[in-house]
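In what follows, a structure is listed as structure tokens, so that the remarks can point back to it.
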Amino acid sequence: ELFERAVRLSGHLRGLGVGAESVVGLCLERGNDVVVSMLAVWLAGGAYLPLDPTYPTDRLAFMLTDSGATVLINHQSSRTPGGNGLPTVTLDDPITEAVLNAQPTIRPTIRVLPDQLAYLIYTSGTTGRPKAVQATHRGLTNLITAQRDAFNINHHSTALQFASISFDAAVSEITVALTTGATLIIATTTERTQPTHLTNLFQTHHITVATLPPSLLTTLNPTDITTPTTIISAGEALDPNLAHHWATHHHLINAYGPTETTVCATTATIPTSHTGPTPIGNPITNTTIHLLDRRLNPVPTGVTGEIHIAGTNLTRGYHHHPALTATTYIPDPFTTTGNRLYRTGDLARRHPNGTLEYLGRTDHQIKLRGHRIEPNEIQTALTTHPNITTAIVTTHNNRLIAYLIPTNSNLPTTNELRTHLSHTLPDHMIPTQYIQLTQLPTTPNGKLDRTALPNPDTHQPHHTNTTHTPLTPTQELLTNIWTELLHHHHITTTDDFFDLGGHSLLATQVI
């Protein structure tokens, strides 16, 4: 039934001019129509462009224009930019349904080449505009083969489709399930955003494999999922405590891979007894990982290097961005066949057993008071505290801010946290403010949304004792000066100027 519906839609798309290298926009609500449309576009020889209907209209309009899409598939309820002049196929319109029902169900004889465009995925761009990654059928086929084996998915499996269509994880969730004969369960919007509903979905359908970001795993209780499940953590760094928590109850796999390498580049099975940093594992089929320094020389085992990826899974590059493609997809110096390396901007080190450990981003490094700081190191140190489940560290107005999810409802005191960190970190790496969260804010793709973290300037700091308010005119005057210069609105007489982010240059302004 699925195949017949896809064939009918593909015939209609071919009548609208869709063929090799054509781009078809999919602006659809979550459901079966997404899967039908993906298959139909491929059967017609084209490539699909996922458009999340929850995105702002201006962003959708930009992606349609920038991609050169020739056809748009949507629902009547979809937030679709108007006036773009594209032929539009509205799947839940009665007229469209009649047109599609009149189409033949004979399999098209379109030949699709391995390096032909399969889909475009837009990612955030450094220029303020999103940029599209061009993925091929060769890379997609390699991904399916690798993940089928790595995740042990077969016709007995029940796979969850959780990711937004605009997130490349959705590609693997759908294609791996369909090509192995597994059952695909598509989570509704409510099930994706409400942990209780998602847990019920696991129980109702006995889901055996699911790809979820760590930010979501922090909101779920692994013991509430009674069916033995393969959980693939992807999209963010996996906290060691969180990894141990889930690996104790389920088969946990940590997957790593930029969109530019067709979803996935490495996987690591996390054993129940694992301690220490969470590995990202080893390369998937037909993939090579190089850890290189700034001069593109390999770094020794145990030394931090930037991840460079080569192999079948590399995408073509960025649509309409040849200069960016040339600087990011670079010639592979280790071959003479003209292959390329993708320069990820991610840092890692290789352990003696060959597994890789992710160490953060080259562009997330913090420079504070003359010191270079890796937030990942502070976050790891915070989560070694028995009452801290998750930690996110950022900078704000030259201060290190820690956002914490405690194991129970009570966050440790500031003094307790500072004392705990002082055992492993120098003073300049100890956050000055600790803000308690019940859960991490996430984007529609399920990744951490740093822009939605509470503003430290307006948030009451976690003081051990908040009774030491200014009492004398001199204390009030000094407090006002500190507030103006440090952008800190809850200063007490027991606070330390340098603990609040002050430094020698600001001290002269105080004077």
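In what follows, every heavy atom counts, from backbone to side chain, and hydrogens, waters and symmetry copies are set aside. Remember, predicted model here, so these are calculated numbers, not experimental data.
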Indicate whether any N or O donor in one side chain lies under 3.5 Å from an N or O acceptor in the other, for Tyr256 and Asp346.
-> yes
Can a salt bridge be assigned to the pair Lys447 and Glu236 using a cut-off of 4.0 Å between side-chain N and carboxylate O?
-> no
Does NE2 in His274 sit with more than 12 non-hydrogen atoms of other residues, nucleotides or ligands closer than 6.0 Å?
-> yes
Taking all non-hydrogen atoms of both residues into account, name the closest pair between Gly345 and Glu306 and its distance.
-> N-OE2, 2.8 Å
Check the side chains of Ser164 and Asp52 for a donor-acceptor pair under 3.5 angstrom, ignoring hydrogens and angles.
-> yes
No-hydrogen, no-angle side-chain donor-acceptor test under 3.5 Å, His320 and Asp66 | no
Sequence-distant partners of Thr196, side chain to side chain contact (heavy atoms under 4.5 Å, CB included), two or more places apart = Asn200
To the nearest 0.5 Å, atom OG of Ser37 lies from atom NE2 of His75 at 7.0 Å
Mind checking what makes ring pair (Phe, Tyr, Trp, His ring centres under 6.0 Å) contact with His385, not counting sequence neighbours?
-> His420
Give a yes or no on this: more than 12 heavy atoms of other residues, nucleotides or ligands lie within 6.0 Å of atom CD of Gln203.
-> yes
Before giving the answer on side-chain contact (heavy atoms from CB on, under 4.5 Å), spell out for Leu51 and Ser166 the whole-Å C-alpha distance, their side-chain angles and the decisive distance to 0.1 Å.
-> CA-CA 6 Å; Leu51 300 164; Ser166 291; 5.6 Å; no
So, Asp239 versus Thr383: side-chain donor-acceptor pair below 3.5 Å or not?
-> yes
Short side-chain donor-acceptor distance under 3.5 Å, Asn254 and Thr278 | no
Between the main-chain N or O of Leu86 and the side-chain N or O of Thr88, is there a donor-acceptor pair closer than 3.5 Å?
-> yes
Those residues that, when tested against Arg192, pass salt bridge (Lys or Arg N to Asp or Glu O under 4.0 Å) (two or more places apart) = none
Ring centroid separation for Tyr318 and Tyr329, is it under 6.0 angstrom?
-> yes
Step by step, would you call Val209 with Thr229 a side-chain contact (heavy atoms from CB on, under 4.5 Å)?
-> CA-CA 5 Å; Val209 59; Thr229 305; 5.7 Å; no
Is there a donor-acceptor pair under 3.5 Å between the side chain of Ser67 and the backbone N or O of Ala69?
-> yes
Any side-chain heavy atom of Ile73 sitting closer than 4.5 Å to one from Leu28?
-> yes
For Pro386 and Thr407, work out which heavy atoms get closest and say how close.
-> O-OG1, 3.3 Å
Between Asn415 and Thr413, does any side-chain donor sit less than 3.5 Å from a side-chain acceptor?
-> no
Is atom CD of Glu377 surrounded by more than 12 heavy atoms (other residues, nucleotides or ligands) closer than 6.0 Å?
-> no
So do the side chains of Ile253 and Ser233 get within less than 4.5 Å of each other, counting heavy atoms only?
-> no
How about Thr188 and Glu191: does a side-chain donor come under 3.5 Å of a side-chain acceptor?
-> yes
State whether the side chain of Thr384 and the backbone N or O of Ala381 hold a donor-acceptor pair below 3.5 Å, judged by distance alone.
-> yes
4.5 Å side-chain heavy-atom contact, Val510 and Leu485 | yes
How far apart are the closest heavy atoms of Leu291 and Ile307, and which atoms are they?
-> CD2-CG1, 3.7 Å
Are a donor atom and an acceptor atom from the side chains of Asp168 and Thr259 found within less than 3.5 Å of each other?
-> yes
Exceeds 12 heavy-atom contacts within 6.0 angstrom, atom CG of Asn32 = no
Do Gln134 and His319 get their side chains close enough for a donor-acceptor pair, meaning under 3.5 Å?
-> yes
